[in-house]
Amino acid sequence: MSADAVLHVAGARPNFPKAAPVIRALDRHGVRQRLIHTGQHYDDRMSEVFFRQLGLPEPDINLGVGSGSHASQTAAVMTGLEELMLAARPALTVVYGDVNSALAAALVAAKLGVPVAHVEAGLRSFDRSMPEEINRIVVDHVSDLLFATSPDAVTQLADEGIAAEKVHLVGNPMIDTLLANLDRFDVDAIRTALSLPDRYIVATLHRPGNVDDAADAVDLVKAMHAVADHLPVILPLHPRGRGHLENAGLLSHRALRVVEPLGYLEFVSLVRGAAVVVTDSGGVQEETTMLGVPCLTLRPNTERPITITHGTNHLVTRAALAETVASLVAAGRPAVWPTPPLWDGSAGERIARVITDLLR
Ligand code: UD1
Ligand code: UDP
């Protein structure tokens with residue numbers, strides 16, 4: 001690895017649509033780059049499909065860490081990365097979002113004195129029972145460049161005492177990817193492929209707070225079945241939730257269909273055509289906001305409040321889910337809706353400019 005390269009570390013599904021526009025923009029600026037895949041996600045549908053569809057470069061190395069407890073997964077990424085960074089010290093390490101791979105990479109780089117850039121800094125759910133919240137806080141506090149997707153994140157970082165000169169409001173690289181692919185989202189094709197009617201609900205579920213506990217899973221399945229009583233539901237299911245949700249009877253409603261995780265283009269096409277989306281995903285709250293698709297987030301909080309204040313997102317409880325879906329379907333899609341500032345497709349370019357300034 002070239003000693004002056006920018007090292008990107010990605011490993012889980014949400015990292016890939018965030019990294020793609022940053023890597024592309026840095027390429028345009030002629031910056032030497034390396035991409036390390038940690039292997040946190042490894043199924044074709046959780047990983048490779050994004051490389052094929054988004055034009056991401058083949059990773060230089062895949063650490064192949066796979067699944068495990070938080071400590072073992074984080075430690076495996078740390079050990080693998082430390083060896084690589086000691087062998088060829090990068091000029092900068094770029095980490096994405098709030099996953100364990102980002103935490104591990106930021107810790108290793110910071111301790112080796114390699115500058116760290118955090119893409120998607122400053123988001124807070126204020127809920128430390130979420131593993132991601134711990135990751136967000138730690139990564140932000142060891143980072144040298146903090147790229148924020150929304151003004152509330154900038155304010156939060158200031159409140160936590162992080163120096164303003166490190167923080168850059170750049171917009172949202174995941175939205176760069178969405179906007180760059182708008183022509184490729186084909187609602188009719190995906191509806192035909194999945195034999196869906198004109199009006200349908202899309203759901204995604206994978207948060208530990210929703211799917212890890214067997215009793216919660218029963219509650220959640222009841223709520224989802226009540227939604228399916230109203231309109232057909234299609235649920236591309238993250239592998240994390242499969243066991244508990246299926247044991248809780250998820251598959252027993254004929255209007256609720258579970259499919260494997262979808263490729264990015266197929267998934268966003270499905271979302272684009274949905275009457276309402278029910279989710280606990282971070283990225284999906286943002287994508288629905290841009291597409292103007294009503295979104296119900298099955299969580300008590302969100303680290304992305306801008307999707308509520310400037311978008312189509314609402315928090316909802318399991319108990320209120322079916323009734324809220326029904327009222328949103330009846331109201332129809334908004335004709336106009338606000339979108340967050342700088343979610344304009346140029347976040348990758350803004351990030352690349354800051355990075356090239358630093359490298360100079
Ligand atoms: C991780 C992130 C979460 C993010 C989510 C996106 C952390 C702490 N969590 O959660 O923030 O929202 O990714 O999708 O980093 N599995 C497979 N195949 C795979 C990957 C995982 O079957 O390719 C299964 C394994 O049983 C594994 C489980 O999913 O134990 C959880 O995977 P893991 O990466 O630990 O966490 P996620 O729930 O995916
Ligand atoms: N996604 C996908 N196929 C799916 C579900 C999700 O391509 O079946 C995409 C979608 O664009 C989403 C991104 O993967 O924004 C990250 O999703 P995930 O919910 O796994 O992670 P989070 O954003 O919650 O961390």
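Counting starts at 1 for both ligands and their atoms, following the listed order.
- Contact check on D127 versus R299 returns no salt bridge, with no Lys/Arg side-chain nitrogen under 4.0 Å from an Asp/Glu carboxylate oxygen.
- Using modelled atom types and a 3.5 Å distance limit, the side chains of H310 and T289 yield no donor-acceptor pair.
- One option in Q73, H41, R13 has a heavy atom closer to atom 13 (O) of ligand 1 than any other, and that option is H41.
- Ligand 2 has a nitrogen or oxygen under 3.5 angstrom from a nitrogen or oxygen of L262.
- Scanning the protein heavy atoms around atom 19 (O) of ligand 2, the nearest turns out to be S281 OG, 2.7 Å.
- Of all atoms in ligand 1, numbered sequentially from 1 with element shown, those under 4.0 Å from a heavy atom of H206 are 4 (C), 5 (C), 6 (C), 12 (O).
- The protein atom (non-hydrogen) at minimum distance from atom 18 (N) of ligand 1 is D43 OD2, 2.9 Å.
- Of the options P131, G241, G283, P239, the smallest heavy-atom separation from atom 22 (O) of ligand 1 is shown by P239.
- Every N/O-N/O distance between T204 and ligand 2 stays at or above 3.5 Å.
- Within the structure, the closest approach of E132 to ligand 2 does not fall below 4.0 Å when heavy atoms are considered.
- In terms of polar-atom proximity, defined here as any N/O pair under 3.5 Å, H238 does make such a contact with ligand 1.
- Against a heavy-atom cut-off of under 4.0 Å, E132 is close to the following atoms of ligand 1: 3 (C), 9 (N), 11 (O).
- At under 3.5 Å, not a single nitrogen or oxygen of D280, backbone or side chain, sits near a nitrogen or oxygen of ligand 2.
- At a 4.0 Å heavy-atom cut-off, ligand 1 does not touch S47 at all.
- Taking distance alone, with nitrogen or oxygen atoms compared against 3.5 Å, R13 approaches ligand 2 more closely than that limit.
- Here the side chain of T155 pairs a donor or acceptor atom with the backbone of P151 at under 3.5 angstrom.
- For F50 and H41, the gap between ring centers reaches or exceeds 6.0 Å.
- Below 4.0 Å from some heavy atom of M46 lie the following atoms of ligand 1, by number and element: 23 (O).
- Using modelled atom types, one finds no donor on one side chain facing an acceptor on the other under 3.5 Å when comparing T204 with S281.
- For a threshold of 3.5 Å applied to N or O pairs, the pair formed by E287 and ligand 2 contains at least one separation below that value.
- Side chains of D213 and H244: no donor on one and acceptor on the other come within 3.5 Å.
- Ring to ring, H118 and Y96 are not that close: their centroids are 6.0 angstrom or more apart.
- Pairs of residues two or more places apart, or lying in two chains, never qualify as ring pair (Phe, Tyr, Trp, His ring centres under 6.0 Å) while including a residue from residues 320-339.
- Ligand 2 has at least one atom lying under 4.0 Å from a heavy atom of M174.
- In terms of polar-atom proximity, defined here as any N/O pair under 3.5 Å, P14 makes no such contact with ligand 2.
- Among all non-hydrogen protein atoms, the one lying nearest atom 19 (C) of ligand 1 is Y42 CZ, 3.5 Å.
- Every atom of ligand 2 with a heavy atom of F50 under 4.0 Å away is listed here by number and element: 2 (C), 7 (O).
- Among S67, G243, P208, the residue whose heavy atom sits closest to atom 25 (C) of ligand 1 is S67.
- Residue contact check: R207 has heavy atoms under 4.0 Å from atoms 11 (O), 12 (O) of ligand 1.
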Which pairs of donor and acceptor atoms, one on a side chain in residues 215-237, lie under 3.5 Å apart (sequence neighbours left out)?
residue: H225; atom: NE2; partner: G249; partner atom: O; Å: 3.4
residue: H225; atom: NE2; partner: L250; partner atom: O; Å: 3.0
residue: D229; atom: OD1; partner: H253; partner atom: NE2; Å: 2.7

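- Remark: ligand 2 and V268 share no N or O pair separated by less than 3.5 Å (distance only, no angle test).
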